[in-house]
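All chains are named by letter (A, B, ...) in the order of the sequence lines, taking the proteins before the strands, and each is independently numbered beginning at 1.
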There are 2 protein chains.
Amino acid sequence: MTPKIIEGRDIKGTKRGRGRPAVFDRSRALMAAMTLFWERGYEGTSFDDLIAAMGISASSFYNSFGSKEALYCEATKSYLDWSGHWFFAILNDPSIDTRTAFARLFESTAEEFTRGDHPPGCMISLAGTHCPPGMKHIREMMVEHRAFSEGAMAERIRKGIEAGDVPEDTDCDMLAAYYSAVARGLAVQARDGASREKLSEIGRLAMRAWPAGTARQQSGPGRNRG
Amino acid sequence: MTPKIIEGRDIKGTKRGRGRPAVFDRSRALMAAMTLFWERGYEGTSFDDLIAAMGISASSFYNSFGSKEALYCEATKSYLDWSGHWFFAILNDPSIDTRTAFARLFESTAEEFTRGDHPPGCMISLAGTHCPPGMKHIREMMVEHRAFSEGAMAERIRKGIEAGDVPEDTDCDMLAAYYSAVARGLAVQARDGASREKLSEIGRLAMRAWPAGTARQQSGPGRNRG
DNA sequence: GGATTTTTGGAGCGATGACACCAAAAATAA
DNA sequence: TTATTTTTGGTGTCATCGCTCCAAAAATCC
């Protein structure tokens, strides 16, 4: 097994405390776990699958991650860190108006859901929707994550009303719920093998439902003066 | 246990062949299984959960249904029989035009996804999307079911073009993919506890993406003369 | 160097999951 | 009645699942 250890530092070169150094790269292992959960779901991913993909032993697993459920939570957070990056970058981009932000959101979704370097679709959108009572905790966690992104969309639309690029009589929560639903639908399509172009076009169609008309300021960048 | 048997007939009063009569109602047991699969998913539903909910023994289970997977297929067909009823009744209603058909489809979806007498959401929409390699068969089955309903929608839109109530330059497959995605999204929303009104309104918003404009015959019932 | 701390390898464990087997029971057919 | 067919109850089985324990190894701290 020849642990390749550099004096005083671990594999990634960061300083360590005392104790035997880990032979594996924790964040790499976490990514491997994330990928597996993403592809197979929580229930479909077994303990043995995990430690095999992560390249570690059962002992190291529990020493470093605690339990399957704890690992799933961590993998989920890792995923959200990652996807939240592009998601919020677009949603909160001050240089574009609200409608453009949502259009770009779907362009990026189509892209992210069909990249070759990770499983298709989304790790959150469909997770914990149908599960046994014993998975209540996980289920509630996923429901919360979904509600969070829907809430962020609603907030963005509200800002759009303030900025004047969204009609004032728009039901922000409902419009967000709609776009949230479309995103979940895209996740299903992606899982079923839809192409990037197909997802893109679905997103474009979804944008045709954007509220028409009487915004104070029809288009152009939102000023976000509020 | 007292099996209540009427001479020569089984519980449901239908004629039997020879052999010891079954003490349980097969279609009732199937419904119970369907409900459980619907609520918890395939992996989340254990053998013991099933026979408990169906009120039968392991022997009766395997004698009558073969295996968990076979039962799942049967439960799925049962579900499709059932949901296909209202789905195709609306989709193929000759008295309404294409756009109205889709609007009604979503009204009904909102209703069916939030009825008290069965689990919320849909048994097909999100099933088999994230699963291990060993569930390939089930996965492919569900992908096919989803493709089937999407195909039916596309077909209906094509008929709409023929009938003249849908613009001729409409991309039928893509529009169907969009509405299919929305329906999947509604399933997620329903599973997360969305109200009937919320689903309804999402459906109404989705209808705003309907192709505008240059149909040969703007509205009114489609004649289906083709 | 010795104490301490942490990770690792490897074996094992109790529970559950899905199913298999078999003889008895209860019906019909001959 | 007897033979045949089918269902039932009960028990057993075999693999997997998620996890635990323990002693050895490899680092740091004093």
Side-chain angles (χ1 to χ4, degrees), chain A residues 1-26 29 33 36-37 40-73 132-135 137-138, chain B residues 1-26 29 33 36-37 40-73 132-135 137-138:
Chain A
M1 299 300 162
T2 61
K4 317 125 192 163
I5 305 286
I6 304 111
E7 292 278 354
R9 336 226 118 209
D10 72 6
I11 285 179
K12 300 211 63 179
T14 52
K15 243 200 307 205
R16 274 200 341 264
R18 78 167 133 190
R20 179 173 174 172
V23 301
F24 67 97
D25 183 332
R26 197 179 186 283
L36 214 56
F37 279 133
R40 305 184 180 182
Y42 179 75
E43 296 173 290
T45 308
S46 79
F47 184 78
D48 289 349
D49 292 338
L50 282 169
I51 61 173
M54 299 165 85
I56 64 179
S57 70
S59 320
S60 299
F61 181 94
Y62 284 102
N63 183 57
S64 191
F65 297 101
S67 72
K68 184 184 166 185
E69 187 175 335
L71 173 63
Y72 185 71
C73 292
M135 274 178 58
H137 180 229
I138 286 182
Chain B
M1 302 294 163
T2 60
K4 317 124 192 164
I5 305 285
I6 303 112
E7 291 279 355
R9 335 227 117 209
D10 73 5
I11 284 178
K12 301 211 62 179
T14 52
K15 244 203 304 208
R16 275 202 337 267
R18 79 167 134 189
R20 178 173 175 172
V23 300
F24 67 97
D25 183 331
R26 196 179 187 284
L36 213 56
F37 279 133
R40 305 184 180 183
Y42 179 76
E43 295 173 292
T45 307
S46 80
F47 185 78
D48 289 349
D49 290 340
L50 282 169
I51 61 174
M54 299 165 87
I56 64 179
S57 70
S59 317
S60 298
F61 181 93
Y62 283 102
N63 184 57
S64 191
F65 297 101
S67 73
K68 184 184 166 184
E69 187 175 335
L71 173 62
Y72 185 72
C73 292
M135 274 179 59
H137 179 228
I138 287 182

B:K68 to B:Y42 six-membered ring, cation-pi geometry met (6.0 Å, 45°): yes

Can you find a heavy atom in the side chain of A:P132 that is under 4.5 Å from one in the side chain of A:E43? yes

Distance from B:L71 atom CG to B:I51 atom CD1, nearest 0.5 Å? 12.0 Å

Nearest 0.5 Å, what's the OG-CG distance between B:S46 and B:L36? 8.0 Å

When the ring planes of A:F65 and A:F24 are compared, do they come out parallel, tilted or perpendicular, using 30° and 60° as the limits? tilted

Can you say whether the rings of B:F37 and B:Y72 are parallel (under 30°), tilted (30 to 60°) or perpendicular (over 60°)? perpendicular

Given atom [atom1] of [X] and atom [atom2] of [N], what is their separation to the nearest angstrom?
| X | N | atom1 | atom2 | value |
| --- | --- | --- | --- | --- |
| B:D25 | D:dT8 | CG | P | 12 Å |
| B:M135 | C:dA18 | CE | C1' | 15 Å |
| A:E69 | D:dG18 | CD | P | 12 Å |
| A:K68 | D:dC17 | NZ | C1' | 8 Å |
| A:E43 | C:dT16 | CD | P | 16 Å |
| B:F47 | D:dT11 | CZ | C1' | 13 Å |
| B:R20 | C:dT28 | CZ | C1' | 14 Å |

Name all pairs fulfilling the salt bridge (Lys or Arg N to Asp or Glu O under 4.0 Å) condition that reach into residues 49-64 of chain B, sequence neighbours left out, sorted by first residue then second. B:R40-B:D49

Grab the N/O contacts between the protein and nucleotides 14-16 of chain D below 3.5 Å, and write none if there aren't any.
none

Using every non-hydrogen atom in the two residues, find where A:A29 and A:M54 come nearest and quote the distance to one decimal. O-CG, 3.5 Å

Winner on side-chain proximity to B:R18, out of C:dA27, C:dA29, D:dT8, is C:dA29

Expected list for residues 51-66 of chain A near DNA chain C, using heavy atoms below 4.0 Å, is A:S57, A:S59, A:S60, A:N63

